[in-house]
Structures are given as structure tokens and as C-alpha cells.
Amino acid sequence: MNKAHVWHPFTQMKDYNSSDPLIIERGEGIMLYDIQGRAYYDGFSSVWLNVHGHNVPELNQAITDQLTRVAHSTLLGMANVPAIELAEKLVRIAPEGLHKVFYSDAGATGVEIALKMAFQYWHNQGVRGKTSFITMKQAYHGDTIGAVSVGAIPLYHEIFRPMLFPSHVIPYPNAYRQGGAAVAMEETLSGLRLLLETRADEIAALIVEPIVQGASGIMVMPPGCLSEMAALCRKHGVLLIADEVATGFGRTGAMFACDHEEVSPDLMVIGKGLTGGYLPVAATLATDQVYNAFYADYEEQKTFFHGHSYTGNPLGCAVALRSLELFEERNIVEGVKVKASFVEQKLKSLIDRPHVGDIRQKGLMVGIELVRDKVSREPYDWTERIGVRTSLRARELGMLTRPLGNVIVFIPPLVSTEAELDAMTDILADAIISVTENGWGA
């Protein structure tokens with residue numbers, strides 16, 4: 001039935017249907033179990049969103065308790081208790097100045113909301129020229145039309161170009177490919193500076209994945225880059241949108257990646273880890289300044305005409321609230337810092353392997369770039385499927401992950417113990433060596 005009826009995302013179905021598909025039946029802690037009963041470490045947090053593991057009693061109970069009250073009630077002109085309580089909680093932990101919360105159901109829809117808010121913000125103030133956006137090379141912000149318009153990964157986005165609005169593109173700093181951190185950072189900042197000095201009057205906002213750019217291969221910004229970008233936006237009157245969908249909720253070793261450099265964006269998009277990996281809830285946080293541009297008499301028609309059927313879903317908000325309580329009760333963010341150091345030490349030996357070009361890490365977000373030639377940094381050809389083969393080998397050894405081209409991703413649940421991290425990094429190393437040095441799966 002799976003092969004007959006289910007069309008899987010980001011999956012070539014001809015390949016999939018000729019394979020032995022993995023079908024997950026249940027989860028426990030950081031382990032997932034397939035329908036044959038085989039166990040796998042969840043080495044990529046079920047696409048970067050699991051925080052506390054699977055089948056967590058406290059989170060299960062939060063949903064059960066809310067089910068006895070109401071499963072869903074619209075937020076269009078009404079309210080519900082969990083959505084109110086969660087909004088208050090998010091404002092307390094978010095970067096300074098983000099006081100308003102607009103709910104949605106996925107990171108991409110949260111990005112759509114931020115783009116539309118930024119666009120209408122200027123329109124509501126009578127500024128008609130600021131209608132374009134700045135994005136960054138190899139950016140990924142989701143798969144809806146607006147989010148793809150500010151996306152810049154050709155493989156994912158180029159085919160849809162005729163459907164999209166154009167965006168300005170500046171480099172995201174890639175120290176490994178741009179001659180070091182200082183050179184890469186200067187290229188980014190000089191590109192942004194020139195664009196703002198010449199065209200700020202037509203730019204509504206810059207959207208950025210702060211500190212870590214995910215889908216491009218876990219690219220980590222040099223220290224100080226984000227804060228300099230924020231300062232340039234403020235100087236030139238351009239809004240800053242921080243896409244924290246992947247980086248938020250402790251993943252980088254801070255509650256939000258912006259916190260590393262005390263950056264307060266005008267708009268911030270959150271999702272993935274918001275509910276601990278349980279239910280699809282996202283949100284776009286805004287400053288009072290942005291919100292007040294929409295606050296007007298009915299006749300002025302400055303309302304933000306946007307919404308989703310399941311906006312502010314009480315079940316999702318209830319489990320998100322309980323997840324945030326667990327962050328505090330179990331000191332999750334501080335724990336990530338300690339665990340990240342352990343992972344860094346474990347992976348150090350890999351950098352000497354002949355086909356490991358670069359290891360990039362921030363918190364518990366890790367990308368290992370595999371290359372054909374270590375000296376020249378020549379990449380493997382796409383058709384060799386190095387990343388895919390390495391992930392399949394890891395799966396055979398008992399851990400699930402998903403590659404980004406030739407970059408192997410390791411993003412474990414935040415509650416993973418040192419022993420579990422030890423076992424997972426061993427599998428990761430074994431898989432990389434098996435494929436790149438011993439030809440497994442060729």
C-alpha cells in the first residue's frame with residue numbers, strides 16, 4: 001500500500017519503489033523501530049525537530065489532557081487558552097523586543113507570513129517602493145511559493161523560477177570554500193553593504209538563517225557576522241527576518257541562534273522543535289513596531305489578511321507549552337553545550353580521514369563534508385551518491401540520518417545521553433569509512 005499510494009517528499013519514487021522501504025512503527029526515547037522490530041538511533045531528529053525523544057510521557061499526557069477539553073478552535077477573531085499561554089511563554093524566552101506571536105502550521109508558512117508582514121509593513125506606512133527582499137546563496141526557507149522565492153538552492157528551486165518573485169542574493173559565508181572565515185565573512189558583509197547603500201529604498205527585508213545555514217550543508221557563520229548584518233539592516237532601514245525554524249529551541253547551544261550574538265530581529269520564524277517534535281505548529285514573532293503598522297481603524301484596511309485553518313491549534317500549543325517546561329526542568333540548553341563538546345571531541349579523528357574535507361558544528365548541528373580529493377577539495381560527482389550511500393550504510397549499522405548532497409548530517413535529539421552520542425558517532429565514522437575508503441555500496 002505504501003508504494004501504491006504514498007508520494008514521499010524529496011524522494012525519487014522510481015528509486016524508492018525499487019528499494020526495501022523503511023516503515024517506522026513506533027518510537028521510544030531516541031530510538032525508532034520499524035515494522036520488523038529493528039531498532040535505529042534517530043540520528044537526525046526525524047528531520048531536525050525532535051527534542052526530548054519519542055513517546056515522552058509528559059508530552060503524551062499534555063495532549064491527552066487537552067483532548068478532554070477541545071481539540072481545535074479557530075483563532076480567527078477568537079482565542080483559546082493554550083495559544084494564549086504559549087504566546088506569553090514565547091515572548092518571555094525570545095530575543096528582546098519580539099512581543100507579538102502569529103501562529104501557523106509549518107516553517108514555510110511561518111516564512112510566508114514574515115514576508116507578507118514585512119511587505120505590508122512598509123505599505124501600511126505609505127512607503128510603496130520597498131517591495132523586494134534580500135536572501136543568501138544556498139538559502140532554504142521552505143517550499144511554498146514565497147519561501148521558494150527567497151530560496152537559493154538551484155536543485156530545489158530553479159525549476160519553479162517562472163512562478164517566483166525575484167530576490168537579491170548575497171553570499172552566505174562558507175569558510176571551507178571561500179579561503180577561510182575572515183575572507184568569507186568579508187565577502188558576505190561587503191555584498192550586503194553595497195546592496196544596502198545602493199538599493200535600500202526598494203528593499204523591504206533581509207531574511208537569514210542565523211548562525212547556521214541548514215540545507216546548504218550546515219554552514220556555520222564566523223563570530224560577529226550576524227550582528228554586523230543586523231547593524232547594517234538597522235542603519236539602512238531594512239527589516240531583519242530571522243528564520244529560526246531549524247536553529248531554534250536549543251539546537252545550536254542557545255535557546256535561539258540569535259542569542260549567540262544578542263541580535264533582536266524585527267521578525268522571527270520558529271517551528272520544528274517548538275512542539276518537541278510532536279505536532280505541526282509554527283509561529284512568526286514580531287516587534288511592536290511591526291505590529292503597530294497594522295493596528296488601525298477598520299476602515300483604513302490595514303488588517304493582516306492571512307490565516308490558516310489550524311492556526312493556534314490547542315493540541316499543538318498544549319504540547320509546545322509542556323515541551324518548554326521540560327526545557328527548564330531538565331536544563332536542556334545547558335546540556336546541549338556539554339554534549340556538543342563531547343561530539344566535537346569524538347569527531348576530531350575523522351578530519352584526518354582521506355575523504356573528509358570539513359566538519360562543521362554548532363551545538364548539536366553537525367555537517368561532515370565528504371570530498372573526492374582532500375588536497376584540492378574536489379567534490380564527489382552527484383551521480384556517485386556518496387551521501388546517500390553513507391546514510392544507507394549508517395542505517396544498516398543501526399542509525400538513521402539523511403544527507404545534504406555530499407554532506408553527512410548528524411543532528412541527534414537534544415536529550416541524547418553521552419553513551420548514546422558515543423554509539424551514534426561510532427556508527428557515523430564507520431559508515432563514512434566504509435563508503436569512502438572501502439567502496440561500500442558502489
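The neighbour count for Arg385 CZ, taken as heavy atoms of other residues, nucleotides or ligands under 6.0 Å away, does not exceed 12. More than 12 heavy atoms of other residues, nucleotides or ligands sit less than 6.0 Å from atom CD1 of Ile23.
Between the side chain of Asp42 and the main chain of Ser46, a donor-acceptor pair closer than 3.5 Å is present. The backbone N or O of Tyr140 sits less than 3.5 Å from a side-chain atom of Glu209, completing a donor-acceptor pair. For Asn313 (side chain) and Gly316 (main-chain N/O), a donor-acceptor pair under 3.5 Å exists by modelled atom type. Side chain of Gln120 to backbone of Thr303: a donor-acceptor contact under 3.5 angstrom is found. Not a single donor-acceptor pair under 3.5 Å links the side chain of Asn292 to the backbone N or O of Tyr295. Checked by atom type and distance alone, the side chain of Lys374 pairs as donor or acceptor with a backbone atom of Arg353 at under 3.5 Å. Checking side-chain atoms of Lys130 against main-chain N and O of Glu202 turns up no donor-acceptor pair under 3.5 Å.
Annotation for Ser45 and Pro412: closest pair OG-C, 2.9 Å, computed over non-hydrogen atoms.
Glu25 meets the salt bridge (charged side-chain N to carboxylate O under 4.0 Å, His left out) test with no other residue; sequence neighbours excluded. His260 pairs by the ring-ring contact (aromatic ring centres under 6.0 Å, His included) definition with nothing, not counting sequence neighbours. In terms of the salt bridge (charged side-chain N to carboxylate O under 4.0 Å, His left out) criterion, residue partners of Asp358 (sequence neighbours excluded) are, by chain and number, Arg360. Residues forming a salt bridge (charged side-chain N to carboxylate O under 4.0 Å, His left out) with Glu384 (at least two apart in sequence, or on another chain): Arg372. Partners of Phe44 according to the ring-ring contact (aromatic ring centres under 6.0 Å, His included) rule, which considers only residues two or more places apart in sequence or in another chain, do not exist here. Qualifying side-chain hydrogen bond (donor to acceptor under 3.5 Å, both in side chains) partners for Thr383, counting only residues two or more places apart in sequence or in other chains: Asp381.
Cation-pi geometry between Lys137 and Tyr172 is not met: the NZ or CZ atom fails to fall both under 6.0 Å from the ring centre and inside 45° of the normal.
By the 4.0 Å N-to-carboxylate-O rule, Arg177 lies close enough to Glu369 to be salt-bridged with it.
Residue pairs satisfying the salt bridge (charged side-chain N to carboxylate O under 4.0 Å, His left out) criterion with at least one member in residues 76-89, sequence neighbours excluded, are listed as follows: Glu88-Arg92, Lys89-Glu328. Here salt bridge (charged side-chain N to carboxylate O under 4.0 Å, His left out) pairs that include residues 286-313, with residues two or more places apart or in two chains, are Glu300-Lys302. Residue pairs meeting the ring pair (Phe, Tyr, Trp, His ring centres under 6.0 Å) criterion with at least one partner in residues 309-328, sequence neighbours excluded, are His52-Phe327, His72-Tyr310. Applying the salt bridge (charged side-chain N to carboxylate O under 4.0 Å, His left out) test to pairs two or more places apart or on separate chains, none has a residue in residues 303-319. For residues 73-102, every residue pair satisfying the ring pair (Phe, Tyr, Trp, His ring centres under 6.0 Å) rule, not counting sequence neighbours, is listed here: Phe102-Phe304.
In this structure, Tyr16 has its ring center under 6.0 Å from that of His8. With ring centers used as reference points, Phe10 lies under 6.0 Å from Tyr156.
Using modelled atom types and a 3.5 Å distance limit, the side chains of Gln138 and Gln213 yield no donor-acceptor pair. If you check the side chains of Thr247 and Glu244, you find a donor sitting under 3.5 Å from an acceptor. Donor-acceptor pairing under 3.5 Å is lacking for the side chains of Ser264 and Glu96. With hydrogens and angles left out, the side-chain atoms of His308 and Tyr103 include no donor and acceptor closer than 3.5 Å.
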Please tabulate, for side-chain N and O atoms in residues 227-236, each donor-acceptor pair with protein atoms closer than 3.5 Å (sequence neighbours left out).
residue	atom	partner	partner atom	Å
Ser227	OG	Gly224	O	3.0
Ser227	OG	Glu261	OE1	3.2

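In this pair, Phe133 and Phe165 present their aromatic rings tilted. The plane angle is within the 30 to 60° band.
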